[in-house]
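As structure tokens, the structure follows; a few thoughts come after it.
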Amino acid sequence: MESKRQQKFAGVIQQDLAAIFQREGMNYLPHTLVTITKVRVTPDLAIARVFLSFFNNTDNQTALQTIKMHASEIRYKLGARIKDQVRIVPQLEFFVDDTSEYVERMDKIFEKISHEPRQPDTEEEK
């Protein structure tokens with residue numbers, strides 16, 4: 001369970017990273033919208049795990065590798081934005097957030113189930 005301090009710090013990082021990707025995301029991934037879905041911070045605030053989702057993109061793993069290649073540059077830009085609020089800028093670890101894919105897969109399963117013929121309810125009397 002995250003402390004209030006971790007949650008607040010994660011929120012600050014999420015907002016500032018979102019602004020960085022909104023302004024400069026096209027430099028890393030042209031024609032792709034990058035969204036920061038979640039940020040988790042370790043208790044010592046040294047590592048931030050950033051979960052990303054990509055829109056207008058066919059290969060999420062390649063996009064993730066591109067972001068990871070630019071991690072030090074992104075961390076530097078984040079540091080310039082939050083330098084007055086923190087002692088150290090956390091190391092950034094990037095992951096793909098597959099929640100939307102999971103929801104889509106579950107929707108397809110429920111759709112399939114809803115179209116199957118129902119079995120009549122039979123109650124056995126004793």
Side-chain angles (χ1 to χ4, degrees):
M1 175 131 172
E2 289 185 333
S3 68
K4 292 282 186 191
R5 182 174 177 228
Q6 286 172 278
Q7 291 173 356
K8 184 176 178 182
F9 189 56
V12 168
I13 291 173
Q14 184 172 358
Q15 284 181 338
D16 288 327
L17 281 177
I20 290 169
F21 278 110
Q22 185 177 10
R23 288 194 183 108
E24 302 174 27
M26 292 296 171
N27 296 338
Y28 309 126
L29 296 166
H31 310 295
T32 301
L33 177 64
V34 181
T35 306
I36 290 83
T37 56
K38 186 182 350 175
V39 176
R40 297 278 185 228
V41 181
T42 56
D44 63 354
L45 307 180
I47 299 172
R49 293 180 177 94
V50 181
F51 293 87
L52 307 170
S53 63
F54 302 100
F55 297 99
N56 261 352
N57 190 13
T58 55
D59 188 9
N60 287 347
Q61 291 304 318
T62 304
L64 181 64
Q65 291 304 318
T66 304
I67 295 296
K68 285 182 177 181
M69 285 180 5
H70 295 282
S72 61
E73 180 183 346
I74 295 167
R75 182 176 182 234
Y76 176 80
K77 290 176 181 179
L78 176 66
R81 294 178 70 95
I82 65 172
K83 66 182 178 208
D84 297 331
Q85 302 171 29
V86 297
R87 286 185 304 202
I88 60 166
V89 178
Q91 289 286 43
L92 301 176
E93 295 178 355
F94 294 102
F95 301 94
V96 173
D97 184 14
D98 59 354
T99 304
S100 61
E101 294 167 8
Y102 175 77
V103 168
E104 188 176 311
R105 193 168 59 240
M106 294 304 290
D107 282 343
K108 286 180 183 176
I109 291 171
F110 289 135
E111 183 76 20
K112 182 179 175 186
I113 290 171
S114 71
H115 289 302
E116 288 181 356
R118 290 182 162 230
Q119 296 179 350
D121 292 336
T122 58
E123 291 185 24
E124 296 179 17
E125 294 184 28
K126 294 182 180 180

If you measure from [atom1] on [X] to [atom2] on [Y], what distance do you get to the nearest 0.5 Å?
| X | Y | atom1 | atom2 | value |
| --- | --- | --- | --- | --- |
| Met1 | Gln7 | CE | CD | 6.5 Å |
| Asn27 | Glu73 | CG | CD | 7.5 Å |
| Ile109 | Lys112 | CD1 | NZ | 8.5 Å |
| Leu92 | Ile13 | CG | CD1 | 7.0 Å |
| Glu2 | Thr42 | CD | OG1 | 9.5 Å |
| Phe21 | Lys77 | CZ | NZ | 9.5 Å |

Query raised in the report: Are Ile113 and Met106 grouped together when hydrophobic residues (ILVMFWY) are joined by side-chain heavy atoms under 4.5 angstrom apart?
Result: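 Yes, one cluster joins them.
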Query raised in the report: Under a single-linkage definition using a 4.5 Å side-chain heavy-atom cutoff for Ile, Leu, Val, Met, Phe, Trp and Tyr, are Val86 and Val12 assigned to the same hydrophobic cluster?
Result: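 Yes; tracing contacts between hydrophobic side chains, which count when under 4.5 Å, links both residues.
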Can you name the closest pair of heavy atoms from [X] and [Y] and give their distance?
| X | Y | value |
| --- | --- | --- |
| Met26 | Thr32 | CE-O, 4.2 Å |
| Ile47 | Asp44 | N-OD1, 4.5 Å |
| Thr37 | Ser53 | CG2-OG, 3.5 Å |
| Pro43 | Gln6 | N-NE2, 3.2 Å |

Any [X] side-chain heavy atom under 4.5 Å of [Y] side chain:
| X | Y | value |
| --- | --- | --- |
| His31 | Asn56 | no |
| Glu24 | Tyr28 | yes |
| Ile20 | Leu78 | yes |
| Ile67 | Leu52 | yes |
| Phe94 | Arg49 | no |
| Phe54 | Asp59 | no |

**Report entry** Check: Ala48 main-chain N/O paired with Gln91 side-chain donor or acceptor under 3.5 Å
**Finding:**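 Side chain of Gln91 to backbone of Ala48, a donor-acceptor pair under 3.5 Å: no, none is there.
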Report task. State whether a side-chain donor-acceptor pair under 3.5 Å links Gln65 with Thr62. Result ->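 Judged by distance alone, the side chains do not pair up.
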Query raised in the report: Does a sphere of radius 6.0 Å around NZ in Lys68 hold more than 12 heavy atoms from other residues, nucleotides or ligands, not counting ones at 6.0 Å or beyond?
Result: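 Atom NZ in Lys68 is packed in, count exceeds 12.
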Query raised in the report: Has Gln22 got more than 12 heavy atoms of other residues, nucleotides or ligands less than 6.0 Å from its CD?
Result: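 No, the 6.0 Å shell around CD holds no more than 12 heavy atoms from other groups.
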Query raised in the report: Yes or no on side chain to side chain contact (heavy atoms under 4.5 Å, CB included) for Ile88 and Leu45, after CA distance, side-chain angles and deciding distance?
Result: CA-CA 8 Å; Ile88 60 166; Leu45 307 180; 5.9 Å; no
Report task. Would you please test Glu111 and Ser114 for side chain to side chain donor-acceptor pair (under 3.5 Å) and show each step? Result -> CA-CA 5 Å; Glu111 183 76 20; Ser114 71; 4.6 Å; no
Query - Hydrophobic cluster partners of Phe95 (side-chain heavy atoms under 4.5 Å) - result: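 Phe51, which link up through side-chain heavy atoms under 4.5 Å apart, make up the rest of the cluster.
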Query raised in the report: Please walk me through it: do Val96 and Gln61 pass side chain to side chain contact (heavy atoms under 4.5 Å, CB included)?
Result: CA-CA 8 Å; Val96 173; Gln61 291 304 318; 4.1 Å; yes
